[in-house]
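Below is one structure, written out as structure tokens; comments come after it.
Chain A is the first sequence line, chain B the second, and so forth, proteins listed ahead of strands; every chain is numbered from 1. When reading the values below, keep in mind they use all heavy atoms of this one structure, side chains included, and skip hydrogens, waters and symmetry mates.
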There are 2 protein chains.
Amino acid sequence: MLSKKTKYGIKALTYLARQENRTPVQIATISKSENISLKFLESILLTLRKNDFLGSKKGKGGGYYILKEPKDIQMAAVMRILEGPISMIPCVSLNFYEKCEDCPDENACAVHKLMAQVRDSSLKIFKNTTLADLCNC
Amino acid sequence: MLSKKTKYGIKALTYLARQENRTPVQIATISKSENISLKFLESILLTLRKNDFLGSKKGKGGGYYILKEPKDIQMAAVMRILEGPISMIPCVSLNFYEKCEDCPDENACAVHKLMAQVRDSSLKIFKNTTLADLCNC
DNA sequence: AATTAGCCTACTATATTAATAGGGTATGCA
DNA sequence: TGCATACCCTATTAATATAGTAGGCTAATT
């Protein structure tokens, strides 16, 4: 399941990508517009800022704004920051690899075989889809 | 994340699919061979039996055996029984659809758009992959 | 200086997962 | 018939992750 954190994060990113100029948008504005708990959204935007997707400005007239061009933001990067691994199981993960304790031979494992295929196809989509593709801008 | 339930279920299915004849295999045998908690495996096999993937025989010489031909068992069906929805979010699910409370327009939603693509590609793999493909039999 | 709005830490409620426990019931064989 | 075998079923629990809440701090603007 996709976490609400990721869902909200993507919604916030598209909201900010749709802004004409780079004028900062307040958390509360996005929160109301997208029906997201303000405090929860706050922590999500903070994560995105720490990972250089967003910039922020404090004080009056402050808020968050997008740093890169939407067409240069791959959804694979967004997913990995917000959701974590793209793979459904750590033993096929490229960025978050972990060996299964119970499994003596990955190459002989049916689950590994199946999930590697799923990871490949999902990753392909996440890499080929940018924020610009999602927000029509 | 793929649950251990599904992981173990697929492992058990491949184990049973690899059996030459339809001789019942005891839970304990699979449990030891695949390093799965016996009681947990018991409940998983029960689920698979109730969904007509497996048959069982009680008493001495009893156990579980596969009912259909491995090549006729789509992984999509297995996933839906053990894991639930194939979609990462209910609003793009074909079999477990639910509307998002916070989202006024699915067609305008970036998350919906992205996740629909992921569902399509995953579903394609789960439908085209059979148990026979995974266990080389 | 006052106000605004982001920054940061800590806590909590809820749900799900992964087991575990323990007894019940049908089957086969001596 | 009786006993051992092995599946059947319900209930409980421990651990973990998610989603959200609370509250105060700090920097920037006017």
Donor-acceptor pair, side chain of [X] and main chain of [Y], under 3.5 angstrom:
| X | Y | answer |
| --- | --- | --- |
| A:K11 | A:N35 | no |
| B:R49 | B:S56 | no |
| B:S31 | B:I36 | yes |
| A:T129 | A:I125 | yes |
| A:S122 | A:V118 | yes |

Bounds of contact between DNA chain C and chain A, in 5' to 3' order, using a heavy-atom cut-off under 4.0 Å: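 Here the contact window of chain A covers C:dT4 to C:dC8.
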Any residue of residues 34-43 of chain B with a heavy atom less than 4.0 Å from an atom of DNA chain C: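 The stretch gives B:S37, B:K39, B:F40 as the residues lying under 4.0 Å from the strand, ordered by number.
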Near DNA chain C, under 4.0 Å by heavy atom, which residues of residues 77-105 of chain B?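 Close to the strand, none.
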[X] has an atom [atom1]; how far is it from atom [atom2] of [N], in whole Å?
| X | N | atom1 | atom2 | answer |
| --- | --- | --- | --- | --- |
| B:Q26 | D:dC8 | CD | C1' | 15 Å |
| B:L48 | D:dC7 | CG | P | 14 Å |
| A:I44 | D:dG20 | CD1 | C1' | 10 Å |
| A:K4 | D:dA19 | NZ | C1' | 8 Å |
| A:K58 | D:dA27 | NZ | P | 6 Å |

What's the closest nucleotide to the side chain of B:K50 if the choices are D:dC8, D:dC9, D:dG20?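 Closest nucleotide to the B:K50 side chain: D:dC9.
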Taking the basic N atoms (NZ, or NE/NH1/NH2) and the acidic carboxylate oxygens, is any pair closer than 4.0 Å for B:K7 and A:D102?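 Looking at B:K7 and A:D102, the cut-off is met.
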Which part of the nucleic acid, if any, lies within reach of A:I27 when heavy atoms closer than 4.0 Å are counted: base, sugar-phosphate only, or nothing?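 The residue A:I27 makes sugar-phosphate contact but no base contact.
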Please classify the nucleic acid contact of A:K7 as base, sugar-phosphate, or nothing, using heavy-atom distances under 4.0 Å.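 A:K7: no heavy atom of the nucleic acid under 4.0 Å.
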What's the shortest heavy-atom distance between [X] and [Y], and which atoms?
| X | Y | answer |
| --- | --- | --- |
| B:L2 | B:M79 | CD1-CE, 3.8 Å |
| B:A77 | B:F53 | CB-CZ, 3.9 Å |
| B:A76 | B:I86 | O-CD1, 4.0 Å |

Does any donor atom in the side chain of A:S93 or A:E98 lie under 3.5 Å from an acceptor atom in the other side chain?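 No, no side-chain donor-acceptor pair sits under 3.5 Å.
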Verify the cluster assignment for A:Y8 and A:Y65: are they in a single hydrophobic cluster under the rule of side-chain heavy atoms below 4.5 Å apart? no
